[in-house]
2 protein chains.
Amino acid sequence: MRRARSTKRTVAKPKGAFHHGDLRWALLQAASLLLERDGTAGVGLRATARLAGVSQTAPYRHFPDREAILAALAEQGLTTLGDRMAGAAREAKDPVAALNAIAETYVALAAERPYLFRLLFGPEVADKARHPAVRAAGLRAFDVLIGAIGAGQRAGVVRAGEATDLALGYWAAIHGIALLLLDGMVGERAAAAGGPAALARQVAGQAWLGLTPRPAR
Amino acid sequence: MRRARSTKRTVAKPKGAFHHGDLRWALLQAASLLLERDGTAGVGLRATARLAGVSQTAPYRHFPDREAILAALAEQGLTTLGDRMAGAAREAKDPVAALNAIAETYVALAAERPYLFRLLFGPEVADKARHPAVRAAGLRAFDVLIGAIGAGQRAGVVRAGEATDLALGYWAAIHGIALLLLDGMVGERAAAAGGPAALARQVAGQAWLGLTPRPAR
DNA sequence: ACCTGAACACCGTTCAAGT
DNA sequence: ACCTGAACACCGTTCAAGT
């Protein structure tokens, strides 16, 4: 936290006139608060401006439209996701532990900040070509997983093959279970498995079987 | 199609007064059209009413709020998904082909009707407890997959274990790749694999490895 | 440059009223 | 029962204007 957070209706507004160039930062801070509290639908241009203590039209100085604010939040979120995945992988003692840690981190962020997680991959930021920074942040997170798969291959615990393809299959599985958990589609299975995290570990374990060296066929 | 579709601004409005009890159906038809054309955001109460040729408040006779319309669309969509999956499994000649056909059908629906697919699992219908019919339709689709896994176990091509758990891991993988494809996150990989469907087959194949009988450990 | 207030064309929802 | 029009409190976005 680089700045004290006010509990009043406005956030980080000095007193009178200008934001000295960090209005963009203040707006993103406000938008992030609204996202956590009210979901994507709550991140309105007017609502964000109100919370930041500026006029309704001030955000247009920094963002061309509402989608641009959401895209900036998504980029922040994907960077956070990538950083956490990289941190988890770095602290693991072997490639298998690294993959498990990545899966755990991934599902944990989805559970911790569901609205943010949906925003990262959802349709609100539809035209990814218009927001290359979002796409780049996402690919950077994916790179962490590819790296862990590659390390597994070098250690001989992951089967041969294009690391990107193997990573994609694993990613799909943990991405899928994270979303199914958010959607409340697998509540009973989670209860039976001993909680959402346990169910995610189970699914990750099954995905892991797709990565192990195959016996002679 | 139970009724001719008009190309005018209104749909299925006889001429003068009442809908003789099928206003609900006409509203859902209009909402479905709007969903395909403009996405979830386009499915407004007023816009739907306008397209159906009734006043803005008429929908409230059949749906308590906007979310209820979206939930009804989601229920329809999940039923369609389940039916298609069941049809694909029925026509397959063995359990392995059935699983492949289910995965293909799943990803195909996501590609064919992206807005509908997102609605099925997204946050627009947030409180699933308030919409048990949606949840039931989703679980029915899942049952098709569980059945295919069970058939594979009986045929000896799928390893032993709780069929529901094995199905969940497989579901997560195809659900994940379907969404990653929609999100435009794996466009390059899809091109390299020979198209989205080919990439989905590849991921399904990897998920399949999690289902095969294990060699002696 | 940066920010403002008024205006435009929309929303979802509520309410009193009509047949 | 079923449908209507007016009203309320919101939206995103545009525009002319202010410092």
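What's counted below: heavy atoms across the whole structure, side chains too, no hydrogens, waters or symmetry copies. Lettering follows sequence order; numbering is per chain, from 1.
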- [ ] Produce a footprint string for nucleotides 9-15 of chain D: one letter per nucleotide, 5' end first; B if the base is under 4.0 Å from any protein heavy atom, S if only the sugar-phosphate is, - if neither.
- [x] --BBBBB
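Note on R118(B) versus D183(B): salt bridge recorded, some NZ/NE/NH1/NH2 to OD/OE distance being below 4.0 Å. Taking the charged nitrogens against the carboxylate oxygens, D83(B) and R140(B) do have a contact shorter than 4.0 Å, which makes a salt bridge.
Checking dG12(C) for Watson-Crick or G-U wobble geometry (two distances, each under 3.5 Å) identifies dC8(D) as its partner. In this structure, dT19(D) forms a base pair with dA1(C), meeting either the Watson-Crick or the G-U wobble geometry with both donor-acceptor distances under 3.5 Å.
With dT4(D), dC3(D), dC3(C) as the candidates, the nucleotide lying closest to the side chain of R61(B) is dC3(D).
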Task: Chi angles and distances behind the salt bridge (Lys or Arg N to Asp or Glu O under 4.0 Å) call for E188(B), R135(A) - done: CA-CA 12 Å; E188(B) 284 151 28; R135(A) 200 160 184 284; 3.5 Å; yes
Task: E104(A) vs R84(A), salt bridge (Lys or Arg N to Asp or Glu O under 4.0 Å): CA-CA, chis, key distance, verdict - done: CA-CA 10 Å; E104(A) 197 167 339; R84(A) 287 203 194 180; over 6 Å; no
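Using a 4.5 Å cut-off on side-chain heavy atoms (C-beta onward), H175(A) and Y170(A) make no contact.
Without hydrogens or angle criteria, T79(B) side chain to E75(B) main chain gives a donor-acceptor distance under 3.5 Å.
Rounded to whole Å, atom P of dC2(C) lies 13 Å from atom CG of L27(A).
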